[in-house]
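Some notes on the structure that comes next.
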Amino acid sequence: MKIDIITIFPKIFDSYFSESLIRKAVEKGIVGINIHDLRKWTENKRRTVDDKPFGGGFGMVMKIEPIFKAVKDLKRKESKVILFTPRGKKYDQKTATKFSKLDHLIMICGRYEGVDERVAKKIADIELSIGDYVLMGGEIPAMVVAESVLRLVPGVLGKQKMIKERTTKSKGFIECAQYTRPEVFEMGKEKWMVPKVLLSGDHKKIEEWRKKHCKIIAG
Ligand code: ADE
């Protein structure tokens, strides 16, 4: 799995991808992540990536030319090109699972008031939204999609996690309420307890409790 991210703020990704299990997966060669500065594909001195909207209106619009050149350089036959926009298809676990089986994702992070519509119409394979709210750009959506996809790529997570997810594969992914020590957490006069059933050793009862306190996320 390889991910190429096109952005005008490449530094935003530095610490995010240089920490955690994702860095380890990159070091092991399981996944490849490349962050590209869109301005690399500009030609004028000011490295312009945006311009005023035709027909008037507020703000600036990202230009098609640098994005077109960037995608042309990075795209292969098997690539899926994603454009992040708040009006895109709502991203979910099912899409994450589908993406995790692909070889190459190219993510275009929009900024400003929008991106020239021809990018959505002619260059991107899919427009994605991570939720019904408006962010200032596609950088955080790119991190959300990258993390949710990469954790499904075999070898990225430890064995335990993979086993947990495989057991519910037919329905989706299971997320449960969990507790660890201490059994009693004292908060002033209050005592916040771990549910007794989890300490009982009665596996049947524990299973029943878990069924009530877990959520299956369709995947
Ligand atoms: N860009 C701005 N807001 C966004 C959102 N909610 N999802 C994806 N891209 C965005």
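When reading the values below, keep in mind they use all heavy atoms of this one structure, side chains included, and skip hydrogens, waters and symmetry mates. Start at 1 and go down the list; that is how both ligands and their atoms are numbered. Nothing fancy with the numbering, it's 1 onward along the sequence.
Not one N or O on the side chain of Asp92 forms a donor-acceptor pair closer than 3.5 Å with the backbone of Ala96. Within the 3.5 Å criterion, the main-chain N or O of Tyr91 finds no donor-acceptor partner in the side chain of Thr95. Using a distance-only test at 3.5 Å, with no hydrogens or angles considered, no donor-acceptor pair links the side chain of Asp103 to the main chain of Met1.
Shortest contact from atom 3 (N) of ligand 1 to any protein heavy atom: Leu135 N, 2.9 Å. The nearest heavy-atom contact from the protein to atom 7 (N) of ligand 1 is Ile130 N, 3.0 Å. Atom 1 (N) of ligand 1 has Pro86 CD, 3.5 Å as its closest protein atom, hydrogens excluded (heavy atom only). Among protein heavy atoms, atom 9 (N) of ligand 1 sits closest to Thr85 N, 3.3 Å. Closest to atom 6 (N) of ligand 1 among all protein heavy atoms lies Tyr133 O, 2.8 Å.
Here NZ of Lys215 is found 14.0 Å from CZ of Phe173. Values are rounded to the nearest 0.5 Å.
Close to ligand 1: Gly137, with a non-hydrogen atom less than 4.0 angstrom away.
Numbered from 1 in the order shown, with element, the atoms of ligand 1 that lie under 4.0 Å from a heavy atom of Leu128 read 8 (C).
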Glu175 and Arg210: salt bridge (charged side-chain N to carboxylate O under 4.0 Å, His left out), yes or no, with the steps? CA-CA 10 Å; Glu175 266 311 310; Arg210 287 220 167 109; over 6 Å; no
Should Asp132 and Lys90 be marked as a salt bridge (charged side-chain N to carboxylate O under 4.0 Å, His left out) after you check the CA-CA gap, both sets of side-chain angles, and the distance that decides it? CA-CA 8 Å; Asp132 288 335; Lys90 194 84 63 69; 3.4 Å; yes
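Where the criterion is an N or O separation shorter than 3.5 Å, residue side chain and backbone included, Gly138 fails it with respect to ligand 1. Taking distance alone, with nitrogen or oxygen atoms compared against 3.5 Å, Pro141 stays at or beyond that limit from ligand 1.
Around CZ of Phe54, the count of heavy atoms belonging to other residues, nucleotides or ligands within 6.0 Å does not exceed 12.
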